[in-house]
Visitor: 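Here it is, the structure, as structure tokens.
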Amino acid sequence: MDDITRDVVVIGAGAAGLTAANDLRKAGLSVAVLEARDRVGGRLWTDVIDGAMLELGGQWVSPDQTALIDTVADLGLSTYSRYREGDSVYVGPDGEAKRFTGEMFPVAPETEKVIDEITARLDAMVAEIDPDKPWEHPRAAEWDKISWDAWLRQQTDDDEAVRNLAFATGSAMLTKPTHTFSLLQSLLMAASAGSYSHLVDADFILDKRVTGGLQQVPELLAERLGDDVLLNQPVRRIVWGDASVAPERVANAATGQRVDDLRALTARVEAATASSTGVTVIADGVTVRARFAILALAPVLYSRISFEPPMPRLQHQMHQHISMGFVIKVHAVYETPFWREKGLSGTAFSPYELCHEAYDNTNHGDERGTLVGFVSDQNADDLFRLSAEERKERILESLSHYYGPEAKNPVVYYESDWGTEEWTRGAYAASFDLGGLHRYGADQRQPVGPIHLACSDMAGAGYQHVDGAIRQGHRAADEILERTRG
């Protein structure tokens with residue numbers, strides 16, 4: 001096993017970790033980036049499936065994502081607009097597909113009025129929220145104790161209005177049932193995009209794509225680091241603080257001895273938290289000794305690593321209240337974008353359909369047409385109880401309700417299932433359960449001794465997106481640079 005020494009060791013070669021590593025390198029510090037996978041990018045993954053280039057992970061760039069936009073420009077990449085010419089499609093509770101233009105779904109006038117009123121109310125609430133500190137709002141505790149679904153149903157008894165309002169942060173973003181997360185968590189999701197109106201506007205939030213795929217961002221960032229990015233290196237142990245004060249284990253110790261050992265361990269954790277004596281990170285093929293470490297991976301994966309001494313009790317408790325959502329990203333490629341011939345943009349929505357939303361995802365310059373659809377939360381769970389063929393049939397049937405029978409016959413079909421990814425275990429990102437954001441939000445980004453934290457899951461602006469990952473990478477690097485100057 002190789003044994004190397006660096007100023008900083010970064011665990012995770014996604015956008016956050018690679019951004020931090022590049023910042024630190026530019027400032028003159030030595031770095032090593034350890035990645036468990038055989039590729040860089042984390043939840044960004046562009047690949048060729050049956051001859052079709054597909055964005056298996058994150059892909060869109062919206063106007064508010066300035067950190068990502070700046071990085072794309074710095075790397076010399078270009079973008080193009082998502083196809084959106086023509087009518088969108090909405091399927092209501094009666095199962096009828098209705099064409100429409102603009103932002104408002106073709107619902108009954110009274111339902112439209114309710115949606116407009118509650119959207120205005122939400123925009124006003126979001127305007128009061130600092131996405132980087134939502135827990136500081138005077139009503140944060142109150143808003144974190146009520147579920148998103150319950151709050152909406154307090155506002156109206158119009159079920160169709162509730163479903164349309166709820167799915168933007170539920171099925172579409174947090175990818176969890178709306179009764180499982182709080183109003184505050186939903187407001188954070190909206191605040192991260194600037195407003196609730198932005199979040200429900202597909203032309204805003206899903207504005208552009210990177211020509212050639214968004215995974216090029218981490219790939220090019222990794223190129224700048226060269227041999228300091230080490231793949232196939234899952235981290236197994238992190239020894240932090242002064243390991244030499246670890247108490248010796250006594251076989252068959254008396255009860256009093258066990259209590260003394262526990263007290264000693266608690267003291268050791270407290271001492272390590274206050275120290276900056278460094279870390280030793282043990283991966284499968286390399287050991288890295290460094291002054292600082294950055295955990296640049298989803299917090300749901302921290303438990304895959306053994307920490308010596310253990311992380312403080314606050315982190316143990318906090319991370320039990322964070323979980324990933326679950327979504328199937330469906331890719332269907334056709335010989336031609338047949339929906340365009342029908343005057344359709346490819347944009348489709350329905351809180352009643354298995355695929356709650358779908359878009360034209362045709363690659364720049366490609367003569368074939370690609371649709372991307374999404375199945376999330378309970379619907380995704382249920383589908384994976386079926387065979388692959390049954391699942392495909394159900395999903396394509398749902399797409400056909402938007403686009404017609406031609407949608408049932410793609411030449412390439414693929415389901416991105418991030419729930420089975422060993423080093424991700426869900427999508428799109430992690431969020432708190434009811435009450436967790438107010439209780440622990442202020443602590444989630446705090447360094448633990450020499451260990452710093454960065455990923456899109458803990459972002460404010462850009463939360464859950466590549467933009468947020470990049471922002472968090474910059475932040476973690478700045479924290480370490482500040483400590484080195486001190």
Side-chain angles (χ1 to χ4, degrees), residues 55 58-69 79-92 98-107 111-129 131 148 152 155 160-175 178 185-210 214 327 329 344-351 353 355-361 371-374 376 402 428-429 459-468:
E55 291 277 44
Q59 65 173 79
W60 281 295
V61 184
S62 59
D64 62 312
Q65 295 176 348
T66 54
L68 173 57
I69 291 169
T79 61
Y80 63 100
S81 296
R82 176 177 61 83
Y83 185 84
R84 62 195 76 180
E85 298 176 18
D87 295 339
S88 300
V89 178
Y90 172 77
V91 175
K98 298 177 182 177
R99 299 168 70 128
F100 71 101
T101 57
E103 297 178 22
M104 177 55 71
F105 303 139
V107 295
T111 298
E112 179 177 344
K113 181 173 183 292
V114 169
I115 291 174
D116 280 340
E117 289 174 349
I118 297 178
T119 296
R121 201 171 309 156
L122 286 166
D123 278 341
M125 295 165 72
V126 169
E128 299 176 356
I129 293 284
W148 176 224
L152 286 172
Q155 313 308 305
E160 187 173 9
V162 169
R163 286 172 181 263
N164 278 294
L165 288 160
F167 97 97
T169 54
S171 299
M173 287 293 179
L174 297 175
T175 63
T178 54
Q185 187 80 60
S186 189
L187 295 175
L188 164 60
M189 188 74 250
S192 73
S195 69
Y196 182 80
S197 291
H198 279 169
L199 202 66
V200 299
D201 181 359
D203 287 348
F204 180 88
I205 203 72
L206 310 179
D207 182 28
K208 295 182 183 298
R209 294 178 58 191
V210 170
L214 192 53
V327 62
K329 184 178 185 182
L344 297 177
S345 65
T347 300
F349 302 98
S350 176
E353 278 293 328
C355 289
H356 62 265
E357 59 183 323
Y359 303 94
D360 185 320
N361 212 37
L371 291 173
V372 62
F374 300 89
S376 68
Y402 297 124
Y428 305 107
Y463 171 52
Q464 291 205 350
H465 291 89
V466 187
D467 179 78

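Just so we're clear, the structure is a prediction, and the values are computed from it rather than from any experiment.
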Visitor: Using the six-membered ring wherever Trp is involved, compare the ring planes of Y428 and F374 and label them parallel, tilted or perpendicular (cut-offs 30° and 60°).
Guide: perpendicular

Visitor: With sequence neighbours left out, what residues match N361 under side chain to side chain donor-acceptor pair (under 3.5 Å)?
Guide: Q59, R209

Visitor: Are the side chains of D64 and F204 in touch, meaning some heavy atoms are under 4.5 Å apart?
Guide: yes

Visitor: Would you say the side-chain atoms of S171 pair up with the backbone N or O of F167, donor to acceptor, closer than 3.5 Å?
Guide: no

Visitor: Atom CE of M125 and atom CD1 of I118: how far apart are they, to the nearest 0.5 Å?
Guide: 11.0 Å

Visitor: For the backbone of A166 and the side chain of W148, can you confirm whether one donor and one acceptor N or O come within less than 3.5 Å of each other?
Guide: yes

Visitor: Describe, in one word, how the ring planes of Y90 and F105 are oriented to each other, choosing from parallel (under 30°), tilted (30 to 60°) and perpendicular (over 60°).
Guide: parallel

Visitor: Looking at K98 and P106, what are the two nearest heavy atoms and their distance?
Guide: CB-CG, 3.8 Å

Visitor: Hey, what do you get for OH (Y359) to OG (S88), rounding to the nearest 0.5 Å?
Guide: 9.0 Å

Visitor: At their closest point, which heavy atom of V126 faces which heavy atom of A190, and how far apart are they?
Guide: CG2-CB, 3.7 Å

Visitor: Taking all non-hydrogen atoms of both residues, which atom of A461 and which atom of P131 are closest, and how far apart?
Guide: N-CB, 3.8 Å

Visitor: Applying salt bridge (charged side-chain N to carboxylate O under 4.0 Å, His left out), run through D207 and R84 and close with a yes or a no.
Guide: CA-CA 9 Å; D207 182 28; R84 62 195 76 180; 3.2 Å; yes

Visitor: Which atom pair, heavy atoms only, marks the closest approach of H198 to S195?
Guide: N-OG, 3.0 Å

Visitor: Heavy-atom distance under 4.5 Å between the side chains of S345 and E85, does that happen here?
Guide: no

Visitor: Is there a side-chain contact between L187 and L122, using heavy atoms and a 4.5 Å cut-off?
Guide: yes

Visitor: Could you pull out the closest heavy-atom pair between M173 and A168, with the gap in Å?
Guide: CG-O, 3.1 Å

Visitor: Are L68 and L214 side-chain neighbours, meaning at least one heavy-atom pair lies under 4.5 Å?
Guide: yes

Visitor: Got a donor-acceptor contact below 3.5 angstrom from the R82 side chain to the L206 backbone?
Guide: yes

Visitor: Is the shortest side-chain heavy-atom distance between I69 and V61 below 4.5 Å?
Guide: yes

Visitor: Is there a donor-acceptor contact under 3.5 Å from the side chain of T169 to the main chain of S186?
Guide: no

Visitor: Got a donor-acceptor contact below 3.5 angstrom from the Y196 side chain to the L165 backbone?
Guide: yes

Visitor: Would you compute the distance between atom CG of D467 and atom OG of S62 and round it to the nearest 0.5 angstrom?
Guide: 7.0 Å

Visitor: Looking at every heavy atom in both G170 and T178, which two are closest together, and how far apart are they?
Guide: CA-CG2, 4.0 Å

Visitor: Should K329 and E55 count as side-chain neighbours, where that means a heavy-atom distance under 4.5 Å?
Guide: yes

Visitor: Could you grab the distance from atom CD1 of I129 to atom CE of M189, nearest 0.5 Å is fine?
Guide: 13.5 Å

Visitor: Could you tell me which residues satisfy side chain to side chain donor-acceptor pair (under 3.5 Å) with S197, sequence neighbours excluded, listed by chain and number?
Guide: D123

Visitor: Looking at side-chain heavy atoms only, is the closest gap between V114 and E160 below 4.5 Å?
Guide: no

Visitor: Under the side chain to side chain donor-acceptor pair (under 3.5 Å) test, which residues partner E103, sequence neighbours left out?
Guide: none

